[in-house]
Amino acid sequence: MTIVQANVLWRPEDDYKVKPTLEEGVIYRPDILAVVDTAIDSLSDDLRELNLDIHDHPELKYEERYAHDAYTSFLEKHGFEVTRHHLLETAWVATYTHGRGGRVLGVNSEMDALPGIGHACGHNLIGISGVAVACAAKAAMEQLNIDGKVILLGTPAEEGGFGKVKLWERGAYKEMDVCLMCHPAPGPLHSISLSSCLAVIRLEIEYSGHTAHAALSPWEGKNALDAAVLAYTNVALLRQQIKPTHRVHGILEGSNWGPSIIPDNSKMYYYIRAPTTVEAEETLKRVVPCFEAAALATGTKVKVTRGFTGNELVQNKVLGDELSDVVRKKYGVIDYEYGIRDASTDFGNVSHLMPGLHPGFSIPTVPEGGNHTRAFTDSARSQAAHDACLVVSKALAHVGMRVITDGGFLQQVRWSLFLIF
């Protein structure tokens, strides 16, 4: 197997119409892939319209009402059975069944955007990719008379809301044999990434103090803002002694502050990330004393509340190998250096509980314009990004159709998950 690792990121000025060098070889069921390619190509204009519509109407976690209606209307028009407001207010599910029995392909479409900067993580692309994969699987089952089912799940609140975890807990994934999705990121031209991502532990820290007049009698106060500043500094100093693969970052805020009042409250939000959940737990043990020490030094009270834990992403090896095979022979190159390697996703939790695949795919970005920047918001709207999204969608649909048509392959997929854990 040839793994291509490029050191040059895809830039907007690069000519992405230049075809990549592909490997020779036979792929599984080329008749299925031919239907998949044709189906997605024929939907490109409609998907582009949907893509831009979602991009131009960014919504925060659990507020994705416009996206909910846009996706469900689109899928109803394309012959899916749709359930709106599925288990969560802005979640939805679209299903298609052909024949009787058969295996079940699961797919995710994300919807939410980021505060102030819109679709700076490209969830507009993730959303239409899920639609493309589901529509391609439907076309293959119809045209080639293949028994099976595809379930497309619209998942809200990836950005800090752990929407997929809540949907899992409510049984949204129980019928799926596997689940597939993808994510845009900077990377080399024509590349699709099988990197993992970081586990994450989320904390909310609250300091309680006592107000006083900041000039007349400051000694009567207990300064909750000072506590937060001290905690922020403590964590900043700790970073020198943590592993370079770990991340600790956060913000602070307060209410009813004024320059002549000693603040009696402050709140901090922190994320602790590491390559594995076990490592994140170890770093957490070192971070929490930073907050406690600040309270002790300032005479304030501190409350540390732990939120959801996000597991690292497990790329199912058998699914990943099949994706790699079709990408290298038909579409582009595979890498393990880019994607969302140093970020986190709630799909990580899903991938620990069932067979899953979550490749990254490169889109053109400007320098210092990666995920969660305004420049990435612009990149996620580009025609080149749309075209790249459809390429990875074709590869994912191919993998999904192998799950549906090859029982031995699915058994290997299941064993692969078992052997990891």
request  = Using the side-chain contact (heavy atoms from CB on, under 4.5 Å) rule, take Arg29 and Met401 through it: C-alpha gap first, then chi angles, then the decisive distance, then the call.
outcome  = CA-CA 9 Å; Arg29 292 289 302 266; Met401 287 308 301; over 6 Å; no

Heavy-atom count around [X] [atom1] within 6.0 Å, excluding the residue itself: above 12?
{"X": "Glu204", "atom1": "CD", "result": "yes"}
{"X": "Gln241", "atom1": "CD", "result": "yes"}
{"X": "Asn256", "atom1": "CG", "result": "no"}
{"X": "Glu292", "atom1": "CD", "result": "yes"}
{"X": "Phe409", "atom1": "CZ", "result": "yes"}

Minimal non-hydrogen separation, [X] against [Y], with atom names:
{"X": "Gly332", "Y": "Leu22", "result": "N-CD2, 3.5 Å"}
{"X": "Thr373", "Y": "Ile117", "result": "N-CD1, 4.3 Å"}
{"X": "Lys329", "Y": "Asp325", "result": "NZ-OD1, 2.7 Å"}

Test salt bridge (charged side-chain N to carboxylate O under 4.0 Å, His left out) applied to Asp46 - qualifying residues, sequence neighbours left out = none

request  = Please list, chain by chain and in numerical order, all residues satisfying salt bridge (charged side-chain N to carboxylate O under 4.0 Å, His left out) with Asp112, sequence neighbours excluded.
outcome  = none

note = Partner of Ile126 under side chain to side chain contact (heavy atoms under 4.5 Å, CB included), picked from His358, Glu110, Glu158, is Glu110

inquiry  = With side chain to side chain contact (heavy atoms under 4.5 Å, CB included) as the test, pick out the partner of Phe291 among Asn234, Val235, Leu230.
reply    = Val235

Side chain Asn265, main chain Glu253, donor-acceptor under 3.5 Å = no

Is [X] salt-bridged to [Y], cutoff N-O under 4.0 Å?
{"X": "Glu282", "Y": "Lys285", "result": "yes"}
{"X": "Asp69", "Y": "Arg84", "result": "yes"}
{"X": "Arg374", "Y": "Asp378", "result": "no"}
{"X": "Arg306", "Y": "Glu281", "result": "yes"}
{"X": "Arg414", "Y": "Asp177", "result": "yes"}
{"X": "Lys301", "Y": "Glu206", "result": "no"}

Going by distance alone, is a donor N or O of one side chain under 3.5 Å from an acceptor N or O of the other, for [X] and [Y]?
{"X": "Asn108", "Y": "Thr155", "value": "no"}
{"X": "Thr277", "Y": "Glu312", "value": "yes"}
{"X": "Arg48", "Y": "Gln383", "value": "yes"}
{"X": "Asp53", "Y": "His57", "value": "yes"}
{"X": "Ser344", "Y": "Arg273", "value": "yes"}
{"X": "Arg381", "Y": "Thr377", "value": "no"}

Describe, in one word, how the ring planes of [X] and [Y] are oriented to each other, choosing from parallel (under 30°), tilted (30 to 60°) and perpendicular (over 60°).
{"X": "His85", "Y": "His68", "value": "parallel"}
{"X": "Tyr28", "Y": "His398", "value": "perpendicular"}
{"X": "Phe74", "Y": "His78", "value": "parallel"}

key: Ring center gap for His372 and Phe376 short of 6.0 angstrom   = no

query = Does the ring of Tyr96 carry Lys138 above it, NZ/CZ under 6.0 angstrom from centre and within 45° of its axis?
reply = yes

